[in-house]
Amino acid sequence: MEDKLKAIEARYSHIQARLGASETYNDPALVAKLNKEQRELEPIVTAFLAFQKAKQDMAEAQALMGDPELKDMAREEYQAARDALPELENQLKLLLLPRDPNDDKSVIVELRAGVGGEESALFAHSLFRMYSMYAESKGWSVEVMSANETELGGVKELVFLIQGDGVYSRMKFESGVHRVQRVPETESGGRVHTSTATVAVLPEVDEVEIDVDPADIEMQVFRSSGAGGQHVNKTSSAVRLIHKPSGLVVECQQERSQFQNRDKAMLMLRSKLYEQAQTAQTDAITQERRSQVGTGMRNERIRTYNFPQGRLTDHRVGLTLYKLDAVMDGDLDEIIDALRAAAQAEQLKEQAAQ
């Protein structure tokens with residue numbers, strides 16, 4: 001491991017030198033690439049330097065133990081450095097784990113109402129609000145790409161784009177079936193109902209990453225529809241794209257321009273085709289979205305939101321929190337951090353078995 005860390009430290013120093021060179025400033029693309037690589041390597045180099053310092057402190061303290069006047073102080077310093085080493089070593093192992101190549105990407109999120117009728121559609125809208133508030137807390141932007149709304153303010157289907165640095169690295173853990181237990185607004189008897197909504201998180205894909213032959217696409221235009229709005233049902237600006245080889249269908253109707261809707265629909269289609277290609281490469285079961293932690297498939301329940309008890313449970317890691325109101329207001333970090341830690345622990349386990 002140490003040889004690999006020294007090579008990373010050398011690469012980091014090389015990048016710093018190149019960024020400081022005058023000729024680099026004339027190439028903005030190169031500057032952006034080097035800055036990105038530097039940001040990725042910096043946590044590893046920082047941890048490695050701390051690890052090396054702890055080892056050096058141990059050696060220096062051990063050398064001082066022979067001095068009667070300094071041995072007590074030296075023993076304390078030696079023990080402190082020795083105690084820090086295991087944590088620093090574990091931190092380095094985590095930092096050296098293979099990164100998901102999609103982690104830095106923005107995402108397209110698909111929300112769909114599941115079991116539970118109108119209450120399911122209302123819950124799907126609640127999830128959209130939760131993710132929007134979480135995105136705002138991270139400084140990310142949210143843009144609705146397609147929406148099929150209900151008369152009571154729910155959504156049968158909602159597709160939206162979240163853009164920002166490292167969005168996929170955190171949002172990927174939200175893929176799966178979300179279950180809610182609460183008293184619906186439409187329930188007069190006060191009975192608790194159980195409903196579900198599904199979430200799929202796809203990394204945003206550039207044109208260069210997935211090649212789509214225009215001859216394979218059938219484009220249909222239709223009038224926008226929805227629960228209301230000045231633009232609804234007036235012009236045929238909504239776009240539906242059908243990818244004939246795969247059978248994938250995407251729609252976009254949020255923009256006024258047919259051309260804008262087509263561009264957004266193409267973005268959605270590329271992301272779906274990219275995910276489909278990835279699924280095939282990893283021998284996963286086709287046509288299913290996979291949970292990002294463990295081995296469960298997307299049709300498994302990953303999380304329960306129990307409103308009467310103010311309780312949230314993530315079933316993948318056995319995490320239960322009694323702060324549901326805060327979670328629904330976008331406070332997701334504690335849940336996502338636990339899921340990331342579980343994913344990293346699984347990676348370490350697999351790495352040790354190899």
Side-chain angles (χ1 to χ4, degrees), residues 1-52 88 91-109 134-143 145 160-174 201-213 263-264 266-282 292 333 336-337 340 343-344 347-348 351:
M1 182 174 77
E2 196 150 342
D3 288 343
K4 185 174 182 179
L5 288 165
K6 286 179 179 177
I8 291 172
E9 184 183 13
R11 174 62 184 168
Y12 184 79
S13 298
H14 176 69
I15 291 171
Q16 284 186 310
R18 290 195 69 185
L19 285 170
S22 57
E23 62 268 18
T24 304
Y25 292 111
N26 297 324
D27 191 343
L30 177 60
V31 170
K33 182 182 176 182
L34 291 173
N35 277 326
K36 181 176 181 291
E37 188 177 358
Q38 184 185 45
R39 287 195 302 271
E40 291 174 356
L41 297 181
E42 190 167 9
I44 302 174
V45 173
T46 300
F48 182 47
L49 292 175
F51 179 76
Q52 287 181 311
L88 288 168
Q91 185 181 351
L92 283 168
K93 286 180 180 178
L94 291 175
L95 288 168
L96 287 174
L97 287 172
R99 293 183 77 250
D100 187 329
N102 294 320
D103 273 353
D104 291 331
K105 294 181 178 179
S106 299
V107 302
I108 294 172
V109 183
Y134 181 61
E136 184 180 358
S137 73
K138 294 293 182 185
W140 302 335
S141 65
V142 176
E143 179 184 355
M145 303 177 76
F160 58 101
L161 175 68
I162 303 180
Q163 290 183 304
D165 293 331
V167 180
Y168 187 76
S169 69
R170 301 193 68 79
M171 285 297 296
K172 63 183 176 183
F173 298 104
E174 294 304 298
V201 179
L202 313 176
E204 184 184 12
V205 181
D206 296 329
E207 276 189 64
V208 294
E209 293 179 86
I210 190 82
D211 185 27
V212 182
D213 188 344
D263 288 344
K264 295 283 176 60
M266 279 299 299
L267 178 63
M268 294 160 62
L269 180 60
R270 283 197 300 269
S271 292
K272 286 197 171 192
L273 288 170
Y274 179 76
E275 190 216 21
Q276 193 176 75
Q278 280 196 317
T279 301
Q281 288 172 359
T282 55
Q292 301 296 327
D333 275 336
I336 292 174
D337 286 343
R340 291 186 72 182
Q344 289 173 336
Q347 278 185 281
L348 286 172
Q351 198 173 71

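Quick caveat: nothing in here was measured; it's all calculated off a predicted structure.
Using a 4.0 Å cut-off between charged nitrogen and carboxylate oxygen, D333 and K138 count as a salt-bridge pair. For E204 and R270, the salt-bridge test fails: no basic side-chain N is under 4.0 Å from an acidic carboxylate O.
The structure places CD1 of I162 at 12.5 Å from CZ of R170, a figure rounded to the nearest 0.5 Å. Note that the CD atom of E42 and the CD atom of Q38 stand 6.0 Å from one another [nearest 0.5 Å]. One distance of note links CG of L96 with CD of Q91; it measures 10.5 Å at 0.5 Å rounding. To the nearest 0.5 Å, the span separating CG on L5 from CG on L95 amounts to 9.0 Å. Put simply, CD1 on I108 and CG on L267 are 4.0 Å apart, with the number rounded to the nearest 0.5 Å. Note that CG of L161 is 12.0 Å distant from CH2 of W140, once rounded to the nearest 0.5 Å.
Between G164 and S106, the closest heavy-atom pair is N-OG, 3.3 Å. In this structure, R99 and D104 approach most closely via the heavy-atom pair NH2-OD1, 3.2 Å. Scanning both residues, S169 and K172, for their nearest heavy atoms gives O-CE, 3.7 Å. Heavy atoms only, all atoms of each residue included: Y25 and V31 are closest at CA-CG2, 4.3 Å.
Two residues are said to be in side-chain contact when any heavy atoms from C-beta on lie closer than 4.5 Å; K36 and R39 meet this criterion. Here the side chains of V205 and E275 are not in contact, with every heavy-atom distance at 4.5 Å or above.
Looking only at distances, no side-chain donor or acceptor of N102 sits under 3.5 Å from a matching main-chain atom of K105. Side chain of S271 to backbone of L202: no donor-acceptor contact under 3.5 angstrom is found.
The environment of Q347 atom CD is dense: over 12 non-hydrogen atoms of other residues, nucleotides or ligands sit within 6.0 angstrom.
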Mind listing the side-chain donor-acceptor pairs of residues 7-20 below 3.5 Å, one per line with the distance, residues two or more places apart or on another chain?
| unit_1 | atom_1 | unit_2 | atom_2 | d |
| --- | --- | --- | --- | --- |
| R11 | NE | E37 | OE2 | 2.9 |
| R11 | NH2 | E37 | OE1 | 2.9 |
| S13 | OG | E9 | O | 3.1 |

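Residues passing the side chain to side chain contact (heavy atoms under 4.5 Å, CB included) test with D165: none are found, sequence neighbours excluded. Evaluation of the ring-ring contact (aromatic ring centres under 6.0 Å, His included) rule for F160 yields F128 as partners, not counting sequence neighbours.
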Requested in this report: Test side-chain contact (heavy atoms from CB on, under 4.5 Å) on K6 and E2 and set out the steps.
Outcome: CA-CA 6 Å; K6 286 179 179 177; E2 196 150 342; 4.0 Å; yes
